[in-house]
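To start, the structure under review is shown below, and the notes come after it.
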Amino acid sequence: MNLTLKIWRQENAKAKGHFETYKLNDISPECSFLEMLDILNEQLINDNIAHPVCFDNDCREGICGMCGLYINGRPHGPDDGVTTCQLHMRRFHDGDTITIEPWRARPFPVIKDLVVDRSAFDKIIQEGGYTSATTGGVPDANAIPIPKRKADEAMDSASCIGCGACVAACKNASAMLFVSGKVSQYTLLPQGKPEAAIRVKRMVKKMDELGFGSCTNTFACEAECPKQLKRTNIARLNREFICAKVCSDEK
Amino acid sequence: MKLIKLASITKKLAVGALAAFLLIFLPFHMGMNMCILRQDGGEWYRNVCHFMGTNYIVKCFEIILLLCIVCHIVITFVLWLENRAARPVGYAVSQKSKTHTGSKWMIYTGGIIFVFLCIHFVDFYFAKTGLTKGKYVAKVEKVDKAFQQKAQALQQGQMDEKQMQALQKQYMAIQSIPAEKRTQDFKYFVNLTKEDVNTYCGEDFKDYEPDFYNMAIDKFHNPLYVLIYLLAFIILGIHLFHGVVSVFQTYGLMNEKYAKAIHWLAVIYAIVIPLGFAMVPIHVIALF
Ligand code: HEM
Ligand code: SF4
Ligand code: FES
């Protein structure tokens, strides 16, 4: 396959970025998207054309959430329910132009090229994405029996890998799907219940402080989430927030 | 940058609550308008308008309604600004993700509704408050009573020459009132301009009301106005479809079990309400 790549290049967080166009020939359709970028970078280095294009990645099997790229107007590219590292070049056609941009959101500043700083998510997690009973040994996994349905629901919500595609896809750069996944996974299980109110209050407050937008129920997040978290998580977050505001005096 | 220092969800809850009031109000307004569809020379519609214009509970609701609209617009506009600020650098390729119908256009459909509301206000509410020229209706019974009082004063000799002449002129005018300025049963003088009110009801007669029936029918004779009217309600339908789904979601009343039902409720609401309003001009064009 022969491709034309339009890639965002930006020296550092402060520099002004721009798009650079590269031609790439003889790419195998079996190649993964990130392998394709590896090949590009090898060429850029070997032919002494430019510095390699920086992009984040780690596991390359869809579990770490590092590899977010905004490809032709969609986070993680044209496939539903996959991360960029799971995307393959067979989804494109010979002669295609592919535009690759970093996530765009005020709380996710670009560090270099396609790499953004997603530590805003960590700051939200620090506000309550945990349970704080820390004494004693490791509890037995099945000490508290949980009905299968609830366990499954909590597991679905917990499958969020923190990739940030929901923020990238949202016209408001809202982090509601991410936050709702975290709030849900704890709220649905008995261990998370005692801190449910304080958790949702703190996490929402942090989310707002960091400059994420609010939810207009556009559901682009749901469409783009590689782990297919559902919009019902956001409804649960809203519900939990109302309950916490009305029923809890914890700050 | 937060323009209103409340949690994002709290602001959304406020928008939703204000919108919910509007959503409940709309069917009432629609029902009222649809009284025009009865071919009774506007009797039902006149009665409803009289009730709406004079009842004190309705007047309280009118103020609440106005506040709701204003606050809805202010908060949604603030949210829109805040949300834009959350993405200072945009994407080069416009977003291709699947989104909920209407959700991306809320500020635009809302803006168009706002323009329509302004026209609506100038047309009807301003006439009511006397800021613009409208058409008026007066109950014959009341005109008669005022006339009788004056006639009594005349008998008791408490009137000067000028007042007497005025009274005579009014009597003559009523005798030859054209058919389109009264109802068939002679219960109401309708379709009156301000001058007509003076002529037929007397200079100091205060008990007249805006004749919304004839004002509406006048307006709907203008095809351009009807076109704008119909377009505005299609736009409203789009705003309402997302709006209904959105209120349920914002209040956390959405789950897998009810998602389908809420979707269909929104579809039905967003079709029935605009259609109900739209039937009035269509009826007027077809029949008058
Ligand atoms: C008059 C001008 C109007 C403007 C500018 C306007 C604007 C908006 C905007 C921008 C939103 C999205 C808010 C968000 O998701 O954050 C919205 C939501 C909504 N609007 Fe309007 N609107 C207007 C009138 C109306 C009217 C007349 C109604 C109903 C009768 C209505 C019903 C709704 C509903 C139900 C929502 C959803 C609320 C939620 O997301 O919780 N709007 N409006
Ligand atoms: S909710 Fe989905 S899209 Fe958002 S961070 Fe988690 S995995 Fe990524
Ligand atoms: S690199 Fe880990 S999810 Fe893609």
Side-chain angles (χ1 to χ4, degrees), chain A residues 6 8 17 19 70-75 78 80 99-102 104-110 165 167-176 200-201 204-205 207-224 230-232 234-243 245, chain B residues 1-17 75-76 78-107 110 242-259 262 266:
Chain A
K6 275 182 71 185
W8 182 259
F19 279 99
Y70 193 85
I71 302 160
N72 285 348
R74 288 188 66 184
D80 287 343
T99 308
I100 312 172
E101 302 174 67
R104 297 291 191 193
R106 203 160 67 101
F108 288 169
V110 173
V167 175
C170 176
K171 73 179 173 67
N172 315 313
S174 168
M176 287 286 274
V200 67
K201 281 187 191 174
V204 168
K205 187 160 173 237
M207 170 184 91
D208 290 344
E209 264 172 33
L210 290 165
F212 291 102
S214 63
C215 181
T216 50
N217 307 320
T218 305
F219 307 139
C221 51
E222 186 189 51
E224 298 301 350
K230 297 194 193 96
R231 63 184 75 171
T232 43
I234 299 179
R236 187 182 294 108
L237 168 62
N238 289 334
R239 204 150 63 222
E240 289 292 322
F241 183 82
I242 298 170
C243 289
K245 281 283 176 192
Chain B
M1 185 196 61
K2 295 287 171 231
L3 295 167
I4 298 180
K5 283 205 174 6
L6 285 172
S8 54
I9 301 180
T10 309
K11 277 178 267 188
K12 284 291 304 193
L13 290 169
V15 171
I75 303 176
T76 50
V78 165
L79 279 170
W80 182 71
L81 288 176
E82 289 176 357
N83 288 342
R84 279 167 61 96
R87 176 165 293 137
V89 182
Y91 292 110
V93 181
S94 65
Q95 288 164 281
K96 302 272 184 300
S97 313
K98 268 184 239 117
T99 52
H100 193 251
T101 309
S103 64
K104 287 210 271 192
W105 314 318
M106 288 306 265
I107 196 74
H242 177 68
V244 171
V245 172
S246 196
V247 175
F248 281 98
Q249 172 78 6
T250 299
Y251 273 82
L253 300 171
M254 178 73 78
N255 59 26
E256 308 260 311
K257 188 173 161 195
Y258 295 129
I262 291 168

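These figures come from a predicted structure and were not determined experimentally. Every chain is numbered from 1 and lettered A, B, ... according to where its sequence line falls, protein lines coming before strand lines.
A:F108 does not touch chain B: none of its heavy atoms, backbone or side chain, sits under 4.5 Å away. Heavy-atom distances place both the backbone and the side chain of B:T10 under 4.5 Å from chain A. Contact of A:K205 with chain B is not made at all, since no heavy-atom distance falls under 4.5 Å. In this structure, chain B has a heavy atom under 4.5 Å from the side chain of A:F241, while its backbone stays farther away. Using a 4.5 Å cut-off between heavy atoms, A:I234 contacts chain B through both its backbone and its side chain. Of the atoms belonging to A:P78, not a single heavy atom falls under 4.5 Å from chain B. With a 4.5 Å cut-off on non-hydrogen atoms, A:C170 touches chain B through its backbone but not through its side chain. If you measure heavy-atom distances from B:S94 to chain A, the contacts under 4.5 Å come from the backbone alone.
Note: B:Y91 and A:Y70 have parallel aromatic rings, judged against thresholds of 30 and 60 degrees for the angle between ring planes.
Here the side chains of A:I71 and A:R74 are not in contact, with every heavy-atom distance at 4.5 Å or above. Side-chain contact between B:E256 and A:T232 is present, with heavy atoms from C-beta onward closer than 4.5 Å. Side-chain contact check for B:S97 versus A:P75: some heavy-atom pair is nearer than 4.5 Å. Contact of the B:W80 side chain with the B:T76 side chain is not registered, since no non-hydrogen atoms from C-beta on lie closer than 4.5 Å.
Salt-bridge annotation for B:K5 and A:D208: absent, with no side-chain N of the basic residue lying under 4.0 Å from a carboxylate O of the acidic one. Ion pairing of A:K230 with A:E222 is absent here, as no side-chain N (NZ or NE/NH1/NH2) approaches a carboxylate O to less than 4.0 Å.
Taking A:N72, A:T218, A:D80, A:T99 one by one and counting their heavy-atom pairs under 4.5 Å with chain B, the maximum is reached by A:T218.
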